[in-house]
Amino acid sequence: MKTDYSYIVEDLLNWYSENKRILPWREKPDPYYIWVSEIMLQQTRVEAVKGYFSRFISAFPTIKALSEAPEEQLLKLWEGLGYYNRVRNMQKAAQTIVADYNGSLPADYTALLKLSGIGSYTAGAIASIAFKMPVPAVDGNVLRVTKRLSGSYDDITQPKVKKELETDLLAVMPGNRSGDFNQALMDLGATICIPNGKPLCDACPLAKFCIAFQQNITSDLPVRPSKKSRRLENRTILVLEYQDKFAIMKRPSKGLLAGLWEFPNLDGHLSIEKTEGLLKEYRIFSYSMELLGSAKHIFSHVEWHMLGYRIKLFSLEHEIWDGMIWASKKDLQYTFTLPTAFSAYTKQIIAEKEQHTKC
DNA sequence: AAGGCGGGGGT
DNA sequence: ACCCCAGCCTT
């Protein structure tokens with residue numbers, strides 16, 4: 001079903017000229033900056049990205065610098081932002097750009113789309129904002145705004161629905177201000193036609209065109225089927241300490257939190273007795289143990305209920321687990337990337353006063 | 001087409 | 001609790 005959006009263009013652009021948000025990546029129209037911001041913004045709110053963007057650009061001022069970065073440093077700069085494959089894909093794309101495009105992003109929608117981590121939304125955003133090409137950039141904001149405008153009950157999780165909208169918007173892209181048009185839809189979605197709570201239709205420049213507003217059905221749109229429920233996992237976290245260093249291990253290279261570091265942890269909630277038994281199996285006899293209490297972390301599709309033990313070793317004669325390393329407090333702060341899931345335990349360590357074994 | 005993949009803020 | 005966020009990749 002085709003929908004005509006030509007009637008919104010002028011009012012939307014006028015509204016954007018007066019009301020656009022001031023954002024760090026809007027200060028200089030460098031395609032590299034636009035790209036970094038768009039990757040960070042995938043499924044992530046503007047407010048969360050602000051603190052990461054400038055630090056990342058300072059650390060890697062050019063695509064070449066990004067292409068050569070050590071993975072550990074990349075992940076550390078991404079720590080807490082989530083969806084860590086985004087930054088690995090971005091580096092892979094940076095290497096392609098250095099090899100195939102002389103270190104500059106191609107001003108070509110199809111070429112952008114082929115780069116790792118760039119889908120139809122991000123290709124459209126870079127092409128229109130950085131290169132002024134007349135292509136749409138359809139994200140969650142744009143889907144919400146347009147489905148309310150047209151009063152459509154389409155399921156916006158269907159790829160077909162997004163493709164149709166891209167076609168409809170392509171037909172009305174303003175040739176001279178395509179980037180502004182795309183960003184206007186997103187700013188409107190983020191500040192007026194908001195996702196949670198009542199939209200601010202009184203302040204909306206498009207209310208006079210909006211079917212959802214006229215029919216008072218904004219709270220029903222857009223339509224998105226409810227998500228699958230999460231599965232619960234109980235885990236036991238071992239904060240092993242020896243001479244002011246802490247045991248950490250690298251997670252597998254695939255799956256949840258791939259390649260990040262973590263405290264040794266086990267499936268299920270282990271009692272004190274079970275944990276003592278486990279330590280005996282590993283031939284650890286000289287230690288003190290303290291119950292750290294529980295912590296919860298919610299991912300989109302899993303929920304961890306964690307129980308922690310702080311175990312201070314008084315002697316260490318042998319390896320405990322393959323691949324385990326001992327990290328100082330500074331290493332935990334500045335070098336290794338630990339997911340936020342463990343923050344209840346890491347924060348406690350970082351906050352402790354420096355221990356002085358001497359004197 | 002469906003599911004995996006983080007973390008946080010709003011209601 | 002449940003919602004969704006400047007989505008993309010793999011299966």
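Just so it is clear, the structure is predicted and the values come from calculations on it, not from any experiment. Chain letters run A, B, ... following the sequence lines, proteins first and then strands; every chain starts at 1.
A residue-by-residue look at A:Arg231 and A:Leu338 shows that A:Arg231 has its nearest nucleotide of DNA chain B further toward the 5' end.
Within the nucleic acid shown, A:Ile118 comes within 4.0 Å of sugar-phosphate atoms alone, with no base atom in reach, counting heavy atoms only. Contacts of A:Arg26 with the nucleic acid, taken as non-hydrogen atoms under 4.0 Å apart, include base atoms. Nucleic acid contact for A:Asn196: base, since at least one base atom lies under 4.0 Å from a heavy atom of the residue. A:Asp187 comes within 4.0 angstrom of a base, heavy atoms only. A:Leu257 comes within 4.0 angstrom of the backbone, heavy atoms only, and of no base. Among the protein residues, A:Leu23 comes within range of the nucleic acid bases, having at least one heavy atom under 4.0 Å from a base atom. At a threshold of 4.0 angstrom between heavy atoms, the contacts of A:Ser37 with the nucleic acid are absent. Within 4.0 Å (heavy atoms only), A:Trp78 reaches no atom of the nucleic acid at all. Within the nucleic acid shown, A:Gly189 has no heavy atom closer than 4.0 Å to any nucleic acid atom. The residue A:Arg88 sits apart from the nucleic acid: no heavy atom pair falls under 4.0 Å. Nucleic acid contact class of A:Phe299 (heavy atoms, under 4.0 Å, all strands): sugar-phosphate only.
On a pure distance criterion of 3.5 Å, a polar donor-acceptor pair joins the side chain of A:Thr44 and the base of B:dG6. Remark: the A:Arg21 side chain and the C:dA6 base include a donor-acceptor N/O pair separated by less than 3.5 Å.
For the residue pair A:Trp261 and A:Glu72, a side-chain donor N or O sits within less than 3.5 Å of a side-chain acceptor on the partner. With no hydrogens or angles considered, no side-chain donor-acceptor pair links A:Ser128 and A:Arg177 at under 3.5 Å. At a cut-off of 3.5 Å, with distance as the only test, a side-chain donor of A:Tyr121 or A:Glu38 sits close to an acceptor on the other residue.
For the OP1/OP2 pair of C:dC5 and a distance below 4.0 Å, the side-chain nitrogens and oxygens of A:Tyr83 include no atom meeting the criterion. Contact between the side-chain N/O atoms of A:His301 and the OP1/OP2 oxygens of B:dG4 is not found at any separation under 4.0 Å. The phosphate of C:dC4 (OP1 or OP2) has a side-chain N or O of A:Arg224 nearer than 4.0 angstrom. Checking the phosphate oxygens (OP1, OP2) of C:dC8, a side-chain nitrogen or oxygen of A:Thr122 falls inside 4.0 Å. Residue A:Gln42 places none of its side-chain N or O atoms closer than 4.0 Å to OP1 or OP2 of C:dG7. Note on A:Arg144: a side-chain N or O is less than 4.0 Å away from OP1 or OP2 of C:dC5. For A:Lys228, a side-chain nitrogen or oxygen approaches OP1 or OP2 of B:dG4 to under 4.0 Å.
No donor-acceptor pair under 3.5 Å is formed between the side chain of A:Tyr52 and the backbone N or O of A:Leu77.
With C:dC5, B:dC5, B:dA1 as the candidates, the nucleotide lying closest to the side chain of A:Pro159 is B:dA1. Residue A:Gln158 places its side chain closer to B:dA2 than to any other of B:dA2, C:dG7, C:dA6.
Taking atom P on both nucleotides, B:dG4 is separated from C:dA6 by 24 Å, rounded to a whole Å.
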Nucleotide-level pairing of DNA chain B, given in dot-bracket where Watson-Crick and G-U pairs need both distances under 3.5 Å and | marks other strands: |||||.|||||
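Counting non-hydrogen atoms of neighbouring residues, nucleotides and ligands closer than 6.0 angstrom, the CD atom of A:Glu233 exceeds 12 such neighbours.
You'll find the ring centres of A:Tyr282 and A:Trp321 inside the 6.0 Å limit.
Under the 30°/60° scheme for interplanar angles, the aromatic rings of A:Phe299 and A:His297 are found to stand perpendicular.
Within the cation-pi definition used here (under 6.0 Å to the ring centroid, within 45° of the axis), A:Arg55 does not qualify as a partner of A:Phe53.
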